[in-house]
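These notes are about the structure you will find just below.
Below, all heavy atoms of this structure are taken into account, side chains as well, without hydrogens, waters or symmetry copies.
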Amino acid sequence: MSEPEAIRKVNVIGHLHPDTDSICAAISYAYLKNQKGDTYYEARRAGNVNRETQFVLQHFGFEEPPLITSVRPQIKDSTIQDVPGIDQEMSLFAAWNRMADNKVDTLCITDDEKKLLGIIAVKDIANANMDIFDTKVVSESQTRYQNIVDTLKGELVLGDPEGAITQGNVCVGTSPEMMEGVIEPGDIVLVTNRYETQRFAVESGVGCLIICNGAHVSRVVLQAAEANDCVIITTPYDTYAAARLISMSIPVRAKMLSADKVLRFSVNTTVDDARKTMTASRHRYFPVVDEEGNYAGVVSSANLLAPQKKHVILVDHNERSQAVDGLEQATIMEIIDHHRIGTIETEAPAYFRNVPVGCTCTIIYDIYQEQGVEIPANIAGLMLSAILSDTLAFRSPTCTPRDVFVGKELAKIAGVNIDEYADQMFDAGADLTGRTAEDVFGSDFKVFSRGSIRFGVGQGSFMTEGSRKKAEALVGPYLPDGASANDIPMVFYMFTDVKSQTTEMLYSGPNTEAIVSRAFNVTPVDGIATLPGVVSRKKQVIPALMSTLQSMQEEDGE
């Protein structure tokens, strides 16, 4: 029986277009879970927070949770091969051996700060080895003498190992007669043990003399070489082997594919995207960089066969249309919600707690009590804010006695006056200064579906008529664009007056006026339906719209 996969981290996520409950529930539940066990739980947001939520977070000293747009497996969830980067001065020969040791056919060249400079593949080395007519490759690559010494398993008899060859051809010197008129000053000449050949080469001004077969270097030749500024290297290889190997001493930078042309992946690249890129490429191994852009290793298609799934806890929703992308590829561990049972499915059993109360944070408060975890004052402030927001300060028909009780208990812990704080919070959410229609529209908007029926409902809550009318004037013309952006045919938007408990609904899409008229038994005026006593999207609006749309669909089918 295989071992269960280790859980690296659990993301606690609310719905798209997050409202105050969605954000505060994620933070509060992640805090609770982190008090138990060793697994790390992180609150995340699935979209931009609205101004009401911004006010709440700032008031109680919290940063916005990090954004998460997808829970598809990423490169960091797969096996990244730990193949160390190599220095750009490493020889092709050393790189070849490194590939064999690591059983890879690609190495990444990095600088001292682990930034990617390029890659070298086994085919690049093979091609360089086959180019036997390029006699200038060693000098044109400005090869270090130390590279030549290491490649030829030789000894530097005279010269600076960190110096580099900057001119000349590679040639074999057999005798003074054969070299005369052939070698030029600065050349790299391979010779054997013949004294007169060694001396002739040195006195001809060659830049580097490579003495093969481990032959002795006489004192006279050394003195002449020193006088002529000639480097001397000895090697146990014969001239044939040395001539073949010397081109392999050039640095990898001379044959690498530079970083600007390299296909690479971030640790945050999704496995799906990486597979598509790999399929279209001739390469087998690809470099991976971390969040700071530093080299982190390599991956191949084989490494992506069985990535570790991300682990998530969903709060304040259980509708697939309201969840982050890629949920079907993640492991859902828990769902904590107070809405209708939606469309999310799980592969394995999950802890599912769905309670008909006005707010997710009311449920989370009960879990704190059950597990004996003390609620800090700042966390209590977040949970209270969520309850006030979702229940419209206890005025919504979704509000239950349990919400009221929990809200008052949390207010004691947070040291908050409920009425004064609620006014401040709702006023902050209604502030339209510098906001766009798209921003306000998306502040609290959800998509709902059942069968072929798909529509969206947004809601804004306002303490004054003036602030509500300004929001209607701003958002109303944007509704068709909002429907298009969410790929739905119909949108309905609730502009709710908290104190009078009245909603003015605007709408856009085919037959939406007739739908609203029938669902709420009202006659809209100038594109606005006034709905006295209607303040709850979940309890009063969604069921009415869904029932009406289903009835109209059945009638059309008859």
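A distance of 7.0 Å separates CD1 of Ile336 from CD1 of Ile363, quoted to the nearest 0.5 Å. The CD1 atom of Ile542 sits 9.0 Å away from the NE2 atom of His339 when rounded to the nearest 0.5 Å. Taking CD1 from Ile418 and NZ from Lys412, the interatomic distance works out to 9.5 Å, rounded to the nearest 0.5 Å. The line from CG of Asn303 to CG of Leu305 is 8.0 Å long, rounded to the nearest 0.5 Å. Note that CD1 of Ile332 and CG of Asn318 are 9.5 Å apart. Values are rounded to the nearest 0.5 Å.
By the 4.5 Å heavy-atom criterion applied to side chains, Phe60 and Phe55 are not counted as neighbours. Side-chain contact between Asp390 and Thr20: absent, with no pair of heavy atoms (C-beta onward) separated by less than 4.5 Å.
Summarising the local packing, CD of Glu292 is surrounded by more than 12 heavy atoms from other residues, nucleotides or ligands at distances under 6.0 Å. At most 12 heavy atoms of other shown residues, nucleotides or ligands fall within 6.0 angstrom of atom CG in Asn521. Applying the 6.0 Å contact sphere to NZ of Lys408 captures no more than 12 heavy atoms from other residues, nucleotides or ligands. More than 12 heavy atoms of other residues, nucleotides or ligands shown are found within 6.0 angstrom of CD on Glu291.
For Tyr493 and Phe495, the gap between ring centers is short of 6.0 Å. Taking the six-membered ring for Trp, Tyr421 and His59 have ring centres closer than 6.0 Å. The six-membered or imidazole ring of Tyr507 lies away from that of Phe492, with a centre-to-centre distance of 6.0 Å or more.
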*CA sep, side-chain torsions, deciding dist, call: Lys76, Asp290, salt bridge (charged side-chain N to carboxylate O under 4.0 Å, His left out)*: CA-CA 9 Å; Lys76 62 187 175 186; Asp290 61 19; over 6 Å; no
*Quick one: do Glu472 and Lys470 satisfy salt bridge (charged side-chain N to carboxylate O under 4.0 Å, His left out)? Show the steps, please.*
CA-CA 5 Å; Glu472 290 175 4; Lys470 287 180 182 178; over 6 Å; no
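Asn294 and Glu113 are not linked by any side-chain donor-acceptor pair at a separation below 3.5 angstrom, with hydrogens and angles left out of the test.
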